[in-house]
Amino acid sequence: MIKESKLKWTAMVFPQQPKQGVKETKAESPKAFSTDTDMLIHEAMEYNWSLEYRIKVEESIYSLYGTTIFIDYVKKELRIKGIEHSIHFVPFQNLISAKKAE
């Protein structure tokens with residue numbers, strides 16, 4: 001026969017204090033793109049709209065016109081089919097903005 005013990009477990013929480021003279025910097029994760037841009041890309045994928053993407057490549061900013069065919073959250077990149085029907089792989093951190101192409 002197994003008896004249950006009537007032990008009461010309690011925990012004490014002690015606040016952690018930073019070391020003297022050392023500044024803590026909160027490392028923010030780089031956000032891929034804003035919520036508005038994210039919604040625009042998803043809506044454009046649904047309705048097959050063409051978008052103008054502003055992309056930063058090696059300290060230069062380029063415009064890319066095309067439609068998003070896939071968002072790869074594992075590799076953190078967009079797959080964009082350009083006007084010339086070639087596929088471009090754009091990492092999230094290189095994407096500056098997106099707007100509906102006119």
Side-chain angles (χ1 to χ4, degrees):
M1 178 182 223
I2 300 174
K3 283 188 170 182
E4 289 186 30
S5 62
K6 304 259 179 184
L7 293 176
K8 183 176 179 181
W9 292 92
T10 58
M12 297 181 69
V13 179
F14 296 105
Q16 293 182 356
Q17 296 178 356
K19 295 178 182 177
Q20 291 289 354
V22 177
K23 290 185 179 180
E24 286 188 21
T25 57
K26 186 176 181 182
E28 295 182 16
S29 62
K31 194 166 186 175
F33 33 81
S34 70
T35 307
D36 295 334
T37 305
D38 186 40
M39 290 299 293
L40 177 66
I41 291 172
H42 280 88
E43 193 173 341
M45 285 178 66
E46 182 177 352
Y47 297 113
N48 202 24
W49 292 343
S50 183
L51 296 177
E52 176 189 359
Y53 300 93
R54 303 284 293 168
I55 301 167
K56 182 178 180 181
V57 179
E58 297 177 3
E59 304 302 323
S60 298
I61 298 175
Y62 296 99
S63 291
L64 173 65
Y65 293 89
T67 56
T68 305
I69 56 173
F70 188 68
I71 301 173
D72 192 350
Y73 289 104
V74 175
K75 292 183 181 178
K76 297 181 180 177
E77 67 184 9
L78 293 172
R79 295 185 189 154
I80 301 171
K81 184 176 182 181
I83 295 174
E84 64 281 348
H85 301 291
S86 61
I87 306 293
H88 302 276
F89 298 90
V90 179
F92 288 165
Q93 66 266 15
N94 291 1
L95 182 66
I96 296 172
S97 67
K99 67 179 183 177
K100 195 169 178 183
E102 298 177 12

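All of these numbers come straight from a predicted model, not from anything done at the bench. The figures that follow rest on heavy atoms only: side chains count, while hydrogens, waters and symmetry mates do not.
In plain terms, the two heavy atoms of Leu40 and Ala98 that are nearest each other are CD2-O, 3.4 Å.
Annotation: the span from Phe92 atom CZ to Thr37 atom OG1 amounts to 12.0 Å, rounded to 0.5 Å.
A continuous path of Ile, Leu, Val, Met, Phe, Trp and Tyr side chains, each step under 4.5 Å between heavy atoms, connects Leu95 with Tyr73, placing both in one hydrophobic cluster.
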Atom pairs and distances, donor-acceptor, side-chain atoms in residues 53-67, under 3.5 Å, two or more places apart:
unit_1: Tyr53; atom_1: OH; unit_2: Thr68; atom_2: OG1; d: 2.2
unit_1: Arg54; atom_1: NH1; unit_2: Ser63; atom_2: OG; d: 2.8
unit_1: Ser63; atom_1: OG; unit_2: Glu52; atom_2: OE2; d: 3.2

Can you list, pair by pair, the side-chain donor-acceptor contacts under 3.5 Å of residues 77-90, counting residues two or more places apart and other chains?
unit_1: Arg79; atom_1: NH2; unit_2: Asp72; atom_2: OD2; d: 3.1
unit_1: Glu84; atom_1: OE2; unit_2: Ser86; atom_2: OG; d: 2.9
unit_1: Glu84; atom_1: OE2; unit_2: His88; atom_2: NE2; d: 3.0
unit_1: Ser86; atom_1: OG; unit_2: His88; atom_2: NE2; d: 3.3

